[in-house]
Amino acid sequence: MNTPDQQTAQEQAARKRIKDSHALDSDASRLANFYRGWARSYEMDVDRDGYCGPMIVAELAGAVQTAYLARQRTAIAILDAGCGTGLVGVELERLGFRLIDGIDLSEEMVEQARQTRAYRHVRGDVDLNGPLSDYASASYDITVCCGVFTLGHVRPDGLRELARVTRPNGFIIASTRKSYAEATSFEGEVRRLQDAGVLVLAQRLNDGRYVAEEDAHYWVFQVLKKASAPEEQGP
Ligand SMILES: C[S@@+](CC[C@H](N)C(=O)[O-])C[C@H]1O[C@@H](n2cnc3c(N)ncnc32)[C@H](O)[C@@H]1O
């Protein structure tokens, strides 16, 4: 059994690893390398830090299905974008969802997700900062994305591809740490996609619990019929 001093040291080390993960500049090889080394102890670290994002995101998916989707949970196709070790998938499965696919940059994180058996398919080496070329448009009823719109990880324009792979009238549920929402153009990207008729903001939980040191916003977007945003304008 750990002494209180050891526990404090472990909590500090966990927070340092979490903080270090925010300084990776959305660089795919640095991110993959960092998570390669973190995959085995990730869940212990985030648990020490009181991480409750996955439960909130999964429960929002449950509420959206009950409120808006006619089909049973067992027939709702969900993409967990940036699934990591599978914390969201496990919560979704607990709530009765069964058709859950996970994608992530890190093969090692995905291997942990595979072992949960909560997922139908999981796939690593998928970069959410680029086009999801292997994924057809309108493939999923709900796309969830937890802990991924985070500093140093996925840029706000990654939201456009999540909208593309989600079917019209389907939903995207995403967390953004407060620091991410403040430091990036995420809100601007949302406005741009709304103006282009790609999605609408259906709900937002402001300043919800997330980790011990920081809250997050939780966003629920509904994807509209015209799910492909115009390309970025050149200079
Ligand atoms: C903080 S973890 C969150 C994992 C999981 N969703 C959760 O809530 O526990 C961030 C995850 O995003 C993945 N990730 C970071 N940048 C990525 C990118 N550009 N494309 C795909 N996945 C990425 C990491 O590999 C890691 O598994």
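When a ligand or atom number is given, it counts from 1 through the structure's own listing order. Only this structure's heavy atoms are used, side chains among them; waters, hydrogens and symmetry mates stay out. The chain is numbered in sequence order, starting from 1.
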**OP:** Please check if any side-chain donor atom of N206 sits under 3.5 Å from a side-chain acceptor atom of R204, or the reverse.
**Re:** yes

Original post:
Quick one: does ligand 1 sit under 4.0 Å from the side chain of D127, the backbone, both or neither, non-hydrogen atoms only?
Top reply: both

**OP:** Starting from atom 8 (O) of ligand 1, locate the nearest protein heavy atom and write down its residue, its atom name and how far away it is, to 0.1 Å.
**Re:** Y51 OH, 2.6 Å

**OP:** Give a yes or no on whether R117 atom CZ has more than 12 heavy-atom contacts from other residues, nucleotides or ligands under 6.0 Å away.
**Re:** no

Original post:
Side chain or backbone of C146 under 4.0 Å from ligand 1, or both, or neither, by non-hydrogen atoms?
Top reply: both

**OP:** Around atom 17 (C) of ligand 1, find the nearest protein heavy atom and jot down its residue, atom name and distance.
**Re:** V154 CG2, 3.8 Å

Original post:
Which bit of I103 gets closer than 4.0 Å to ligand 1, counting heavy atoms only: side chain, backbone, both or neither?
Top reply: neither

**OP:** Identify the protein heavy atom lying closest to atom 21 (C) of ligand 1, giving its residue, its atom name and the separation to 0.1 Å.
**Re:** V126 O, 3.1 Å

Subject >> Residue-ligand contact G53/ligand 1, heavy atom below 4.0 Å >> reply: no

Original post:
Looking at P54, which atoms of ligand 1 are within less than 4.0 Å of one of its heavy atoms?
Top reply: 8 (O)

Original post:
Are more than 12 heavy atoms from other residues, nucleotides or ligands located less than 6.0 Å from atom OH of Y135?
Top reply: yes

**OP:** Check whether any side-chain N or O of Y218 sits under 3.5 Å from a backbone N or O of R209 as a donor-acceptor pair, and report yes or no.
**Re:** yes

Subject >> Mode of C83 contact toward ligand 1 - side chain, backbone, both, neither (heavy atoms, under 4.0 Å) >> reply: backbone

**OP:** Return yes if a side-chain donor-acceptor contact under 3.5 Å exists between Y35 and H153, otherwise no.
**Re:** yes

Subject >> Closest to atom 9 (O) of ligand 1 (judged by heavy-atom distance), picking from Y210, W38, Y42 >> reply: Y42

Original post:
Which of these, R114, E108, Q112, sits in a side-chain contact (heavy atoms from CB on, under 4.5 Å) with V110?
Top reply: R114

Original post:
So, the side chain of D104 versus the backbone of G84: is there a donor-acceptor pair under 3.5 Å, distance only?
Top reply: yes

Subject >> Protein residue, atom and distance nearest to atom 27 (O) of ligand 1, heavy-atom basis >> reply: D104 OD2, 2.7 Å

Original post:
How close does the nearest protein non-hydrogen atom get to atom 15 (C) of ligand 1, and which residue and atom is it?
Top reply: H153 CD2, 3.6 Å

Original post:
Of the choices G147, G158, G86, G82, which has the non-hydrogen atom that lies closest to atom 5 (C) of ligand 1?
Top reply: G82

Original post:
Counting heavy atoms not belonging to Q72, are there more than 12 under 6.0 Å from its CD?
Top reply: no

Original post:
So, the side chain of R177 versus the backbone of H217: is there a donor-acceptor pair under 3.5 Å, distance only?
Top reply: no

**OP:** Check each heavy atom of L105 against ligand 1 and say whether those closer than 4.0 Å belong to the side chain, the backbone, both or neither.
**Re:** both

**OP:** For ligand 1, indicate whether the residue L128 contacts it via side chain, backbone, both or neither (heavy-atom separation under 4.0 Å).
**Re:** both

